[in-house]
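Working notes for the structure below.
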Amino acid sequence: MGFQEGFLWGGAIAANQAEGGCHEGGKGYSVADMARYKPDIDITDYKAHNTISLDRIEQAIHEDDQLYPKRRGIDFYHRYKEDIALFAELGFKTLRISIAWSRLFLRGEEDFPCAEGIEFYTSVFEEMKKYGIKPVVTLSHYEMPLDLALKYNGWTSRKMIDYFLNFVFTCFTNFGEYVEYWLNFNEIDSVIRHPFTSGGIIPELCEEGKELECAYQAAHHQFVASAYAKILMEKICPHARMGCMLTKLTTYPRTCAPQDVAAAQQANLENMFYSDVMVFGEYPKLILKKFENEGIHVEMRPEDAEVLKEGTVDFVSFSYYMSRTESVDPNAERTPGNTIAGVRNPYLASSEWGWQIDPVGLRISLIELYDRYHLPLFVVENGIGAKDVVEEDGSIHDSYRIDYFKQHFIEMEKAIDMGVEVIGYTSWAPIDLISVSTNQMSKRYGFIYVDQDDEGNGTLDRMKKDSFYWYQKVIRTNGKSLHDKE
Ligand code: BG6
């Protein structure tokens, strides 16, 4: 019972939030490089961080890098050796990274990749290999080359499929020997919540009133691109496996009133529709009917159906940070939540950013997904953003983080004991990095502290938090230490 031998414990980061080196090695701007840090707004007001327009982009291109934290990240671009050594010290069996599309293809439309980009990722993979750390690689983690967004309105255009496949081909042929686990699109469902970050969609380039339709169209192109990528992977890297990646937003009814239950059911269907397509190779009938009922027209080519069927995924990966609650009562108390606002669940505490902490929800999610898909699962993101305090002696006592992980691991173990097949677990993020939603540095997730503030001041020195030693022990004992008497 408990975690099987060889369970892949590790951590997850993304190029756009960690690397920095925005103007180095031939890299072009990606959509992430347009995200400006705003010190003066409510951190629970997600929308305020994510408004985008052509003017805004034009301004961003000419403004000082200082205002755009993802351009500097945590300097993983130069410090990856030091960071990977720390991950090895933690005992990592795996590290999830992403490959920045715009580091290999500056504008996205070039025929051939940038040699320096290839060199950089090859060295990263070599470094991981040195320590026996298996890479899990996300092909697309909010890193579309900016030019593709400007010129084609991102994934709303079918042209993206070819550009993406050229990038994917480059990844498979150059890095295939290192990688067993590939993920197609990070949180593919997020294109509905933040269309620019996830799909390179600029609202004013969509027909008025058709913004939602544009997002579903983009998702369709991503499904087709994923399927083609999977087919390509089987040819080039037959030893590898491809997973889809979903934001698992398990939704509970606020009460047992049937109307609330129905509302929660609908939210769950809409959340899992994305993985349904990539696992079953076809659209759920209920979603097609929803499109019809709501007048949403998604352009699909006749050959898409066959490709979706052929290019289904081998496993299902997902992020899990919180559960959601639904109610039809317009007066039900709401929680702000800087990514996903919803009805407040009175049984759950929230993080400072309004994310409702629910370890049991992880168990529920694992069971639900396994029962639905009958495929191995990979938890590739889970963690808590918190403000840490560095003591005078340099120590960082983050018992809240240890507590969060401990409870989630225990629930994950319960699901495994019930028979759910889990390949591994990568925490978000093992090292502090730039927040995707708020562009803050002070929303810290790591076991490793990075000395940098929201404005980019600091030495960038890495320091171990208490949770570092705690996670190290969990990995060393393959989870047995979770049951130690305190
Ligand atoms: C996930 C993303 O949505 O959540 C990550 O895949 C992100 O890129 C993580 O960093 C946590 O969100 P945030 O906004 O706290 O960085």
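Each ligand, and each atom within it, is numbered from 1 in the order the structure gives. Residue indices begin at 1 and follow the sequence shown.
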Numbered atoms and elements of ligand 1 in range of [X], under 4.0 angstrom, heavy atoms:
X: Ser437; result: 13 (P), 14 (O)
X: Gln17; result: 5 (C), 7 (C), 8 (O), 10 (O), 16 (O)
X: Lys443; result: 13 (P), 14 (O), 15 (O)
X: Tyr445; result: 11 (C), 12 (O), 13 (P), 15 (O)
X: Trp355; result: 11 (C), 12 (O), 15 (O)
X: Ser435; result: 13 (P), 14 (O), 15 (O), 16 (O)

Requested in this report: Just let me know how Asn186 lines up against ligand 1, side chain, backbone, both or neither, with a heavy-atom cut-off below 4.0 Å.
Outcome: side chain
**Report entry** For ligand 1, the portion of Trp428 having any non-hydrogen atom under 4.0 Å away
**Finding:** side chain
Are [X] and [Y] close enough that their ring centers fall under 6.0 Å?
X: Trp155; Y: Phe185; result: yes
X: His397; Y: Trp470; result: no
X: Tyr425; Y: Phe409; result: yes

Requested in this report: Identify whether the distance between the nearest side-chain nitrogen and carboxylate oxygen of Arg363 and Glu413 falls below 4.0 Å.
Outcome: no
Report task. Could you verify whether a donor N or O on one side chain and an acceptor N or O on the other, from Glu187 and Tyr142, lie under 3.5 Å apart? Result -> yes
Query - Min N/O separation Met245 to ligand 1 under 3.5 Å - result: no
